[in-house]
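Structure record follows, encoded as structure tokens.
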Amino acid sequence: MSDPLRIALVGEGPTEKVVVEAALSSILAGRRFILKQLQPEESLPFGVVGTGWVGVYRWCRQAVDRSGGSLRHDILYEAYDLLLMQLDGDVADECYAN
């Protein structure tokens, strides 16, 4: 039996995990997987922290800083087989200054 696919999700909000999990179940056609949402983070005292596209942007900047300039060298790639990033289409033309 093969090990489950380990997938990390960086998204705008907590509901993305539900949608992405359903899509992956269909796409992977029965292959086992573990989906862990890395962004937005959830804390016990504060609940969900860092939502929206700005939260995804901040997560990406922190990951680049942590890995020395490239996500390719991020320590996450040792723990996960796949990194999925989700942004809503309505922010495609946005920039952080906005």
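Residue Leu28 is not grouped with residue Val18 when hydrophobic side chains (ILVMFWY) are merged at heavy-atom distances under 4.5 angstrom, including chains of intermediate members. Linking ILVMFWY residues whenever their side-chain heavy atoms come closer than 4.5 Å, directly or via other members, places Leu82 and Phe33 in the same cluster. Val10 is connected to Val54 through a chain of hydrophobic side-chain contacts under 4.5 Å among Ile, Leu, Val, Met, Phe, Trp and Tyr, so both are in one cluster. Note on Met85: it clusters hydrophobically with Val64, by side-chain heavy-atom contacts below 4.5 Å among ILVMFWY residues. Under a hydrophobic clustering in which Ile, Leu, Val, Met, Phe, Trp and Tyr are joined whenever their side-chain heavy atoms come within less than 4.5 Å, directly or via other members, Leu83 and Tyr80 fall into the same cluster.
Pro40 and Gly11 get closest at one heavy-atom pair: CD-O, 3.4 Å. Here the shortest heavy-atom pairing between Leu38 and Trp59 reads CD1-CZ2, 3.9 Å. Summarising the geometry of Pro4 relative to Ile34, their closest heavy-atom pair is CG-CD1, 3.8 Å, with the distance given to 0.1 Å.
Checked by atom type and distance alone, the side chain of Gln86 pairs as donor or acceptor with a backbone atom of Glu12 at under 3.5 Å. Between the side chain of Gln37 and the backbone N or O of Gly13, at least one donor-acceptor pair lies under 3.5 Å.
In this structure the side chain of Leu24 reaches within 4.5 angstrom of the side chain of Leu84, judged on heavy atoms.
With rounding to the nearest 0.5 Å, the separation of CG in Leu5 from CG in Leu35 is 10.0 Å. For the atom pair CZ of Arg6 and CG of Asp81, the computed distance is 4.0 Å after rounding to the nearest 0.5 Å. Glu16 contributes atom CD, which lies 7.5 Å from atom CG of Leu9 (distance to the nearest 0.5 angstrom).
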